[in-house]
Each structure stands twice: as C-alpha cells, then as structure tokens.
Protein chains: 2
Amino acid sequence: MQLTERITIKTFKKKELIHNADTICTKSYFIQKGLVRTYFLKDGKEVSEYFCAESEWINSPRSFTGQKLDIYYIDAIEDTDVFCLHVKDLVYLLENFPEMERYSRLSMGTVLEHLMNRITSLRFTTAKEKYEYFCNVYKEIYGRIPLGMVASYLGITQETLSRIRAKK
Amino acid sequence: MQLTERITIKTFKKKELIHNADTICTKSYFIQKGLVRTYFLKDGKEVSEYFCAESEWINSPRSFTGQKLDIYYIDAIEDTDVFCLHVKDLVYLLENFPEMERYSRLSMGTVLEHLMNRITSLRFTTAKEKYEYFCNVYKEIYGRIPLGMVASYLGITQETLSRIRAKK
DNA sequence: CAAAAATTTTGACTTATATCAAAAAAACTA
DNA sequence: TAGTTTTTTTGATATAAGTCAAAATTTTTG
C-alpha cells in the first residue's frame, strides 16, 4: 500500500465546516497550512475545545476512534489546506505495521499529558493565569485566534478576557 | 512467562504511602481491596488528583510511563491490599503479546475520554454541579473519601463544599 | 472511656468573575 | 470607500465562591 495514494488534499475557506457533528468523523486531517478548531454547542453558543495549526493532526476524537456520533464540529479559522487520511486506511496501517500501533499509543500519551496539564490549569488558576498559560501553550498561534474563541476555550467570558488583556 | 509469578502482593495501612514522589514509579498497582488516591503538593498543601478503588489499576502516570520523576504521591485512604506489576514485566508483555499493545492503546482511550469529561465539567459548572458530577462518577466510593480531599480534587474549598452538602 | 487530634460546619466579610447593556473599533463586502 | 456586520472594549451591578476565624463534630489513640 502506498500511503501517499490514500491521502487526499482538500482546501477550506475561513469559517467553512471541515467536520459536521451530525455525521460520523471518518477522516483525520493533517494541517498543511492554516488554522482550525474543534467546537461544540452549549445553550446555542459555540464553545471552542481545541485549536490546531500547521503540521498537526485533527479529528473529532471520540467520533473518529469509535466511529460513532459525537458533539464536536471542526471549522477553519483561516483559509486552510489539509491532507485527509481515511479511518479505513489508518486501520489498515495499524493492522499491518506493528510500529504504527506503538506510535499511536505513544502519541496518545502526549495528548494525555496535555489534558492533565489543562486540568491543573483549570482547577487552580485565576482567569489571568489561565490566559497566560494559554499564551504559553499556543504561543505560535494565539494572535491568530479571535478573542471570543479563546475565552470559551478557557471557560471565562469574553469581557473578562478583554479586561485582562487591557492590563498589559 | 507466568504472569502470576511476576505479581507480588502488598498491604498498606490507612495513610501509608504507596508511592513517594521522590522516587521513580516502577510499579503499577491493582487494588484488590481498599481505596487509594494520587495527590501532589501545592503551596505545602495536598491536592488530590485521582481516586481508585477495588479492581482498578493505579500508578503515577508520567513517572511510570516515562520512568522519570513526577510530582505525584500515592497513599492509602483505607487499609488496602494490592497486586504489584513491575514496569519490566509490563514491558515484557507489551513486547511479546501484540494484543497487549492494543489493549493498552484502547484503555488509554478510556482514560482520555474521562479526562475530556472532567475538563468540560471544570470549565462550565458551578461548585454545586461539580460536586454532583463527582458523586456521579465516583458514586461507589464518594462516601468513603474525606471531604477535604474531594474539595481539592474539584478545585473548590472545603468550606464551599461543606455548604453545598448542607443544602441536601 | 477520656483526652487529643483530625475533620467538618458555621459565620462574617472580601473579591474575582459573571451578567447585561451599550459604545467603540475592526473587518468585511457591495 | 461607505455602509453593514462582526468583534472587542468599557461601564455598572450582581453573585458565586474564597478567606479567615472559631465552634462543633467525629475519629483516633493511650
């Protein structure tokens, strides 16, 4: 199997949906250029869950892994070019290349560590510290993300975030 | 290799340390009877990170996986009996039984899901809702955990938690 | 079982952040 | 580039939760 043959290229315009929560996520996207986020709806409002930029993989984790529906949408914050890998092809890789299984397990470890840090940040920090933590983790891209999206990611209001930023 | 030969049994008294943060975590513990928690120190105070009861595995995740130091201690909340699996023996299993690699990857998926839910809970809920979420997730054991530990797990103060509980 | 230690509750007060509303600024678009 | 839409900032007020202190209760231990 030629991996490159299985990979397709797509482009999305700013604000365009890459994945819709009313479908099962069958593809994982490698961002070649641009910026995307996952979000879900809470009380009719969009809550940002995660941001990804160049050279990162993104999908709707539980939907992609379990091939079931989940709440997350993925959209483009900027015009974005991606490579798409279909879940079937990933499964093929996992089944035929043992080192893929290991790679997959290890990269989950990285994600796990990221989530643990985020939990600590959410539990014990003020809004200001949350913002600083965010700038640190997403330092390459935080200037490219609209304020309201950052606020909902951090679980604080847009107004509070605006005030924090004003004091710098 | 006989797995049972590699497993040792240990017992810990209430409040006894199972794992000390100043050592590398070389064992994973399967709780046969009892209740344990991981915690770390913040400003000299213990902050509970995680609770585990009967039939669950516990270790200091980053320390065990990466064989490096990490901040977490593990202690017994009640008198506890455990089975110990040494990291060497786990590595042996992972290397010799491909299905172990898969099992490991899949159970990480479960942990990941748990962490995602916890993040959502931390971001958007009041102290009361956090407590209710906790009672739900830990319904088997929440009565056995001292209030102060629950509060630090939730990232709220003991006084607030006490007041919430009073209103029931 | 009594004394000591640890844990939980209650009270008074403070503070960080949310909420609601409107103005200002920036980004699109016809 | 003027007008419209979206995003960000600012202001006034409300509220959930924190802090500090002490009392009450529960658990442990000699």
Side-chain angles (χ1 to χ4, degrees), chain A residues 12-17 34-35 37 39 41-48 51 75-80 120-135 138 141-168, chain B residues 12-17 34-35 37 39 41-48 51 75-80 120-135 138 141-168:
Chain A
F12 295 94
K13 290 234 156 156
K14 184 171 177 171
K15 294 192 185 179
E16 200 177 340
L17 265 192
L35 182 58
R37 64 157 179 168
Y39 69 92
L41 297 176
K42 185 182 162 70
D43 308 329
K45 281 184 200 152
E46 297 178 359
V47 174
S48 300
F51 304 103
D75 68 357
I77 296 177
E78 301 171 353
D79 292 354
T80 297
T120 305
S121 169
L122 284 168
R123 275 199 298 180
F124 301 110
T125 59
T126 61
K128 184 167 162 248
E129 289 165 329
K130 285 187 181 76
Y131 178 64
E132 282 161 359
Y133 171 79
F134 176 83
C135 292
Y138 285 105
I141 52 171
Y142 80 99
R144 292 153 67 185
I145 304 169
L147 182 109
M149 290 185 188
V150 174
S152 73
Y153 173 85
L154 296 176
I156 63 181
T157 61
Q158 186 169 310
E159 294 92 329
T160 297
L161 184 52
S162 174
R163 285 178 181 116
I164 286 164
R165 230 167 42 165
K167 282 179 206 149
K168 296 242 172 181
Chain B
F12 296 93
K13 291 232 156 157
K14 183 171 177 172
K15 294 192 185 177
E16 200 177 339
L17 265 193
L35 183 57
R37 64 156 180 169
Y39 69 92
L41 297 175
K42 186 183 162 68
D43 308 329
K45 281 184 201 154
E46 298 177 358
V47 174
S48 299
F51 305 103
D75 68 357
I77 296 176
E78 301 172 353
D79 293 351
T80 297
T120 305
S121 168
L122 285 168
R123 274 199 298 180
F124 302 110
T125 59
T126 61
K128 183 165 163 251
E129 287 165 329
K130 285 186 181 75
Y131 178 64
E132 282 161 0
Y133 171 78
F134 176 84
C135 293
Y138 285 105
I141 53 172
Y142 79 99
R144 293 154 65 185
I145 303 170
L147 182 110
M149 290 186 189
V150 174
S152 73
Y153 172 85
L154 296 176
I156 63 181
T157 61
Q158 187 168 309
E159 294 92 329
T160 297
L161 184 52
S162 175
R163 287 181 178 113
I164 286 163
R165 230 167 41 164
K167 282 179 205 147
K168 293 242 172 181

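Sequence lines set the chain letters: A, B, ... in the order given, protein chains first and strands last, and positions in each chain run from 1.
By the side-chain hydrogen bond (donor to acceptor under 3.5 Å, both in side chains) test, B:T157 is found to be paired with B:T160, residues two or more places apart in sequence or in another chain being considered. Remark: A:K14 engages A:D79 in a side-chain contact (heavy atoms from CB on, under 4.5 Å) (not counting sequence neighbours). Partners of B:Y153 according to the ring pair (Phe, Tyr, Trp, His ring centres under 6.0 Å) rule, which considers only residues two or more places apart in sequence or in another chain, are B:F51, B:F134, B:Y138. Legend: residues meeting side-chain hydrogen bond (donor to acceptor under 3.5 Å, both in side chains) with B:E46, ordered by chain and number and at least two apart, are B:R37. Take B:E78 and apply the side-chain hydrogen bond (donor to acceptor under 3.5 Å, both in side chains) test, not counting sequence neighbours, and it matches B:R144. Residues passing the side-chain hydrogen bond (donor to acceptor under 3.5 Å, both in side chains) test with A:S162, sequence neighbours excluded: none.
Fit an axis to the five pairs at each end of the helix from C:dC1-D:dG30 to C:dA30-D:dT1 and the two axes sit 50° apart, to the nearest 10 degrees.
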Practice prompt. Any chance you could list the contact pattern along nucleotides 25-30 of chain C? Use B for base contacts, S for sugar-phosphate-only contacts and - for none, protein heavy atoms under 4.0 Å, 5' to 3'.
Written response: ---S--
Discussion item. Generate the contact string for nucleotides 11-20 of chain C. Rules: B means base contact, S means sugar-phosphate contact only, - means no protein heavy atom under 4.0 Å.
Written reply: BB----SSBB
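Using a distance-only test at 3.5 Å, with no hydrogens or angles considered, no donor-acceptor pair links the side chain of A:K128 to the main chain of A:I164. Listed for the A:T80 side chain is a donor-acceptor partner under 3.5 Å among the backbone atoms of A:L35.
The structure places OH of A:Y133 at 8.5 Å from CG of A:L122, a figure rounded to the nearest 0.5 Å. If you take CD1 on B:I145 and CD1 on B:I77, they are separated by 5.0 Å, rounding to the nearest 0.5 Å.
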Worksheet item: Does the side chain to side chain contact (heavy atoms under 4.5 Å, CB included) test come out yes or no for A:V150 and A:Y142, once each step is laid out?
Response: CA-CA 8 Å; A:V150 174; A:Y142 80 99; 5.7 Å; no
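Contacts between chain B and DNA chain D, taken as any atom within less than 4.0 angstrom of a protein heavy atom, begin and end at D:dA17 to D:dT28.
Nearest approach of B:F124 to A:G155, heavy atoms of both residues: CE2-CA, 4.3 Å.
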